[in-house]
Number of protein chains: 2
Amino acid sequence: MATRTASTGRRPSPSGGDELGLVDALAQLSFLVHGILADTAGEFELSVIQTRVLGVLRDRTPTMNELARHLGLDKASISGLIDRAERRGLVQRTVSPTDRRSYQVSMTDTGRALASRVAERFAARIELLVADLAAADRRRLAQLASQLIDRAT
Amino acid sequence: MATRTASTGRRPSPSGGDELGLVDALAQLSFLVHGILADTAGEFELSVIQTRVLGVLRDRTPTMNELARHLGLDKASISGLIDRAERRGLVQRTVSPTDRRSYQVSMTDTGRALASRVAERFAARIELLVADLAAADRRRLAQLASQLIDRAT
DNA sequence: TATTGTTATACTCTATAACTATA
DNA sequence: TATAGTTATAGAGTATAACAATA
């Protein structure tokens, strides 16, 4: 992923130490992290969305509908997503005991193990990315990012 | 350090003031910004990748191959991408004067105008997101993000 | 022969609309 | 009737492999 501002596509001025505007910096950082995630997921033959599904299921057993709302996708899209994950043995559908139209989606042990490995590998690569930052800077960055996430929630 | 993994979609506990670990904070921030971009692009019937293509073409006239390298995609994928953008009148292929196998891809005026509108709208939404941050925090965040981007380049 | 780009093929991901089966 | 989920269909985006034209 070359150096390029996401919103404008403009190249930052030459040699390192570039100071991007906040909008461009956030856009590029987003591409960077998203790319690392896609890449990491790919190492395990997973797409980003399949990885997110596993993440959601890590501590939840949602219905198809709830999953759709969680991921911001149509329920029809979820059907396919879960079909493919189920075919790989990563998740399973269980008929709801209270509503026979409804399923509860849960992770299998295989799925859980895979999710852990992906998360671990992803964390390692992010750690590598931030390795240069001083402890105080890392804390500061985490705090600022958390603040934005909170605001958007 | 694999507590709350946002890499995997885990949501922190509800009420504000959560202090995420750096890995999770970056992962969630990435999803957030990426989502805003996808949403903004969608307002103009563009996908994220089409928007990125327009961004690249903003100050370049690459060949198909160069575009592929820029975006980290196969040249075959670029063919389809440019086909669709060309069909919408956003970009055009021009045969290279020096190598008749090769094309130079450039933006049309229509494409340029659209790219500007998307970038403007995206910036506005990001500004909204960071509206709460003090000026010093914004500078700090931009600086830290830039540092990571530099490192990855 | 090597390179540039397209085409053929296959798969994932996504939405909309129509459907089935419950409720 | 209304809701949960699936299926049918269509299209974008991606890769790999085979191909054409040009170098």
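Below, chains carry the letters A, B, ... as their sequence lines are ordered, and counting in each starts from 1.
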Nearest whole angstrom, please: distance from the C1' of dT22(D) to the NZ of Lys75(B).
-> 14 Å
The correct set of residues in residues 89-108 of chain B placing a heavy atom under 4.0 Å from DNA chain D is Asp99(B), Arg100(B), Arg101(B)
Rounded off to whole Å, could you give me the CE-to-P distance for the Met64(A) and dT3(D) pair?
-> 19 Å
Interatomic distance, Asp83(B) CG vs dT6(C) P [rounded to whole Å] | 7 Å
When rounded to the nearest 0.5 angstrom, what distance separates CG in Leu129(B) from CD in Gln147(A)?
-> 10.5 Å
Whole-Å distance between dA4(D) P and Glu66(A) CD?
-> 10 Å
Where do Arg58(A) and Ser116(A) land on the side chain to side chain donor-acceptor pair (under 3.5 Å) test, with the steps shown first?
-> CA-CA 9 Å; Arg58(A) 220 157 163 168; Ser116(A) 292; 3.3 Å; yes
Leu54(B) and Ala115(B): which non-hydrogen atoms are nearest, and at how many Å?
-> CB-CB, 4.1 Å
For dG5(D), does either OP1 or OP2 sit under 4.0 Å from a side-chain N or O belonging to Asn65(A)?
-> yes
Considering just the side-chain nitrogens and oxygens of Ser79(A), establish if one lies under 4.0 Å of OP1 or OP2 belonging to dG5(D).
-> no
Whichever of Ser77(B) and Ala76(A) has the more 5' nearest nucleotide on DNA chain D, that residue is Ala76(A)
Have a look at Leu81(B) and say if it touches a base, only the backbone sugar-phosphate, or nothing, with a 4.0 Å heavy-atom cut-off.
-> sugar-phosphate
Indicate yes or no: at least one non-hydrogen side-chain atom of Gln92(B) is less than 4.5 angstrom from one of Val105(B).
-> no
When rounded to whole Å, the CG to C1' distance for the pair Leu67(B) and dT14(D) reads 15 Å
Counting only heavy atoms not in Glu120(A), do more than 12 sit closer than 6.0 Å to its CD atom?
-> no
Taking CG from Asp74(B) and C1' from dC11(C), how many angstroms apart are they, rounded to a whole number?
-> 15 Å
Check the distance between dA15(D)'s P and Ile49(B)'s CD1 and give it to me in whole angstrom.
-> 10 Å
Given atom CZ of Arg69(A) and atom P of dA4(D), what is their separation to the nearest angstrom?
-> 9 Å
With heavy atoms under 4.0 Å as the rule, sort Leu73(B) into base, sugar-phosphate or nothing.
-> sugar-phosphate
Determine, using the 4.5 Å side-chain heavy-atom cutoff (strictly less than), whether Val56(B) and Phe44(B) are members of one ILVMFWY cluster.
-> yes
Shortest non-hydrogen separation from Val33(B) to Leu26(A) and the atoms involved | CG1-O, 3.8 Å
